[in-house]
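Just below is one structure, and these are the notes that go with it.
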Amino acid sequence: VIIVLQLEILRTECTLIGSPTIYEVNAPQPKTGSYSDGLGIHGSMISRAEQGVTNIAYSPRQGLLGSSTAARAEHAVKNLPFSGFYGPMQSQNAIYAKMQQLSLNSHKGQRLAVPWAFGFPGNTYGYRVHPLYQQTPPMYMNGGPVTNNEGPAIPIANLNPYLARWTIKGRVTGKTEVRHFGEGKVFSFDLLDAQGDEIRATCFNSLVDQYYDKIVVGNVYLISRASVKPVLRKKANPLNHEHELILDASTSVESCSGDDGSIPLQRYNFRQISEIENLDCSSTVDFLGVVTSVSPSVTIARKNGPEAHKRTIQLKDMSGRSVPITLWGNFCDVEGQLLHSQWESGLNPILAVKGGRISHFNGPSVGTTSSSQLKINPDLPAAEKLRRWYAAEQEDDVYQTIVQINDEDFGTLSQPDLATVVATISFVCSGACCYPACDLMFNGEQCKKRVTADGDWWWCNRCLRRSKTCEYRYHIVCQIHDHTGSTYATVSQKAARDIIGRKAQEFYTIKDAVQNGQEFEKIMQGILGCEYLLKMSIKKVAENGIVVKRVIVEAERLDLSNSRRVLGAIDKLSKDNSSSSVGDIEI
DNA sequence: CCCCCCCC
Ligand SMILES: [Zn+2]
């Protein structure tokens, strides 16, 4: 037995060679009688390209006859390490199924109808699956219908402008909205076949009316007689295919009933968020991540054209990095709204982004385009893995050391890195720790700039106005250290209040207004040299070069006798080590 | 035949 795989197609049709006969898998002897259609044509024909193994005719005398229309199984697993199919995978052995099919046909002794083959000069090599067989489970569940009147479906990868007649069978993985331009309108949709290859199809004008509603994302179609054009602007069509389809009046689009799941619902080529710096601006990329925050929707006035809705989500993946993703238009209103309500109720959904557009404006970010696809909580093994990873990450008390947060890689321009450290406050920088702040509104938010007393008023040099009132705010910079090193950080209002234990107004009164040195000393003694659990935000900002900003966002005084952390560690130790009462507690 | 993909 000689098995030939992965041949390229030179001709999609050719005349029969010799008199091939049916080979029966289960019979001890090959069946020698050939089938006749009554028109003097002998031989057997097998459908082409269901799972990429195609056109195989067995003859005991001549060996294997047939041409493979390029078995492209490798496409299913290319783009490692993060490519994945979304949806059920075909697991049957295609050759085995073919032989079963042959065997069944011959047992039934039925004639094989090949009506489509007769429209061509000579005899066409190939066999049309009879509709009767398509409905016969279980053997014919394997591929569903693969033909229409144009013949059997060929792999999408093989489409090119020089094919006279072809049919492709593909699942619609996404479609754009209808876009209007001048007098015309347009929409596109993407087709994926069982070999994992994709092609974009586009409809203009009256074809938009004809097909926009008919094309349903997720459904499988047999398509033939569209014009196959080379992709001239790769930037506008991120699919791998060299060509794209333009539908016209003669195009046939047949909805493929009996979808058997041989074509995945979506094809992803996920990249790690940590790679994003290396991805070109405007390139199109897939990401799979946990949604860690969702902003409200805002309306943007566009330079040209109508206003647009947008919102920004943060997506984090197992590389540990996050990236802001801007959802525009419908993605903001539909998926974004869903994500927002889930996030607000404390959930962190998984999101698959297909066809996100990379930007490097003020640090890396991703935006949706008209041909992007979003899938919330996709049914993918990688999504489940990610969910577990994130849950574990949330649960684990993971602390960083000061040396780690001082690392120059910590914190990026686009987004702060968050860290939790256990550190001691070495000292609080001298000078005013709190100040009277402007309580006027400036650019839609409280101004907060230091104001100066002006009789009964407070004068703001930024607002250039005075106010009867002011708000006392903390401005604390302190040094913290742990066993690895030390660093400086500013303290948020909330953290400062928790550390000092008083409102800024009260502290101001003690320190500056009344100058109660004894009370002030007492407060500082309760702070300096004490250990805190500090949640910190570290980011870089462009200010005459890159400046690292470290902010203590939250602070919790570690009281060892009543520490959740210590109690938790003891609890864990007693569980892990229940047979022994001896062990070190690492805190 | 579109090919814009938005805002800072
Ligand atoms: Zn002001």
Side-chain angles (χ1 to χ4, degrees), chain A residues 161 174-191 198-212 215 226-251 279-287 294-314 323-336 353-374 412-416 443-445 539-543:
Chain A
K175 72 173 180 178
T176 69
E177 292 169 53
V178 177
R179 193 167 49 83
H180 294 262
F181 57 95
E183 298 288 283
K185 52 185 171 180
V186 63
F187 90 98
S188 300
F189 57 98
D190 294 342
L191 289 157
E198 294 173 289
I199 194 163
R200 179 158 295 179
T202 301
C203 299
F204 290 98
N205 306 324
S206 65
L207 280 303
V208 174
D209 302 324
Q210 191 176 344
Y211 287 117
Y212 188 75
I215 296 296
S227 88
V228 183
K229 301 215 164 155
V231 174
L232 297 177
R233 283 170 39 98
K234 276 281 173 198
K235 191 168 161 276
N237 182 344
L239 301 186
N240 256 339
H241 212 291
E242 297 282 308
H243 302 94
E244 54 196 358
L245 298 178
I246 310 293
L247 274 61
D248 57 44
S250 72
T251 300
L279 298 171
D280 290 340
C281 201
S282 295
S283 61
T284 305
V285 185
D286 305 345
F287 290 107
V294 185
S295 82
S297 168
V298 291
T299 303
I300 297 291
R302 295 170 60 198
K303 284 168 195 153
N304 34 28
E307 59 188 21
H309 291 178
K310 75 147 191 177
R311 73 172 87 222
T312 305
I313 65 168
Q314 289 290 338
V323 68
I325 300 193
T326 307
L327 309 184
W328 292 98
N330 263 352
F331 293 118
C332 169
D333 298 339
V334 182
E335 288 89 346
V353 180
K354 169 141 167 121
R357 188 183 147 96
I358 301 291
S359 155
H360 290 294
F361 182 90
N362 260 342
S365 66
V366 178
T368 61
T369 75
S370 60
S371 54
S372 299
Q373 300 292 325
L374 300 180
T412 62
L413 270 175
S414 59
Q415 200 208 340
N443 278 349
E445 52 185 49
K539 69 172 174 184
K540 299 191 174 88
V541 289
E543 275 177 14

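If you're wondering where the values come from, they're calculated on a predicted model, not measured in any experiment.
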> Using a heavy-atom distance cut-off of less than 4.0 Å, which residues of residues 198-212 of chain A contact DNA chain B?
Replying inline: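 A:Thr202, A:Phe204, A:Asn205 - these, ordered by number, are the residues of the stretch whose heavy atoms sit under 4.0 Å from the strand.
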
[X] side-chain proximity, nearest of [options]:
X        : options             : answer
A:Val186 : B:dC7, B:dC6, B:dC2 : B:dC2
A:Ile246 : B:dC2, B:dC7, B:dC4 : B:dC2
A:Arg233 : B:dC4, B:dC7, B:dC2 : B:dC4
A:Phe361 : B:dC6, B:dC8, B:dC1 : B:dC8

> A:Tyr212: what forms a ring pair (Phe, Tyr, Trp, His ring centres under 6.0 Å) with it, not counting sequence neighbours?
Replying inline: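 In terms of ring pair (Phe, Tyr, Trp, His ring centres under 6.0 Å), with neighbours along the sequence ignored, A:Tyr212 is linked to A:Phe187.
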
> What residues form a ring pair (Phe, Tyr, Trp, His ring centres under 6.0 Å) with A:His241, not counting sequence neighbours?
Replying inline: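 So A:His241 forms a ring pair (Phe, Tyr, Trp, His ring centres under 6.0 Å) with A:His243.
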
> How is A:Leu232 classified with respect to the nucleic acid when contacts are heavy atoms under 4.0 Å: base, sugar-phosphate, or nothing?
Replying inline: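 No contact.
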
>> So A:Glu177, base contact, sugar-phosphate only, or nothing? Heavy-atom distance under 4.0 Å.
In response: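 Answer is nothing: A:Glu177 stays at 4.0 Å or more from every strand.
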
>> Can you list everything that forms a salt bridge (Lys or Arg N to Asp or Glu O under 4.0 Å) with A:Arg200? Sequence neighbours excluded, please.
In response: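 Partners of A:Arg200 by the salt bridge (Lys or Arg N to Asp or Glu O under 4.0 Å) criterion, ordered by chain and then number, come out as A:Asp190.
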
Donor-acceptor contacts, no H, no angles, side chain residues 325-332 of chain A, under 3.5 Å, sequence neighbours left out:
{"unit_1": "A:Asn330", "atom_1": "ND2", "unit_2": "A:Glu177", "atom_2": "OE2", "d": "3.3"}

> Within less than 4.0 Å of OP1 or OP2 of B:dC6, is there a side-chain N or O belonging to A:Arg357?
Replying inline: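 Yes.
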
>> Applying side-chain hydrogen bond (donor to acceptor under 3.5 Å, both in side chains), can you list everything that pairs with A:Asp286, at least two apart in sequence or on another chain?
In response: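 If we apply the side-chain hydrogen bond (donor to acceptor under 3.5 Å, both in side chains) test to A:Asp286, skipping adjacent residues, there are no hits.
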
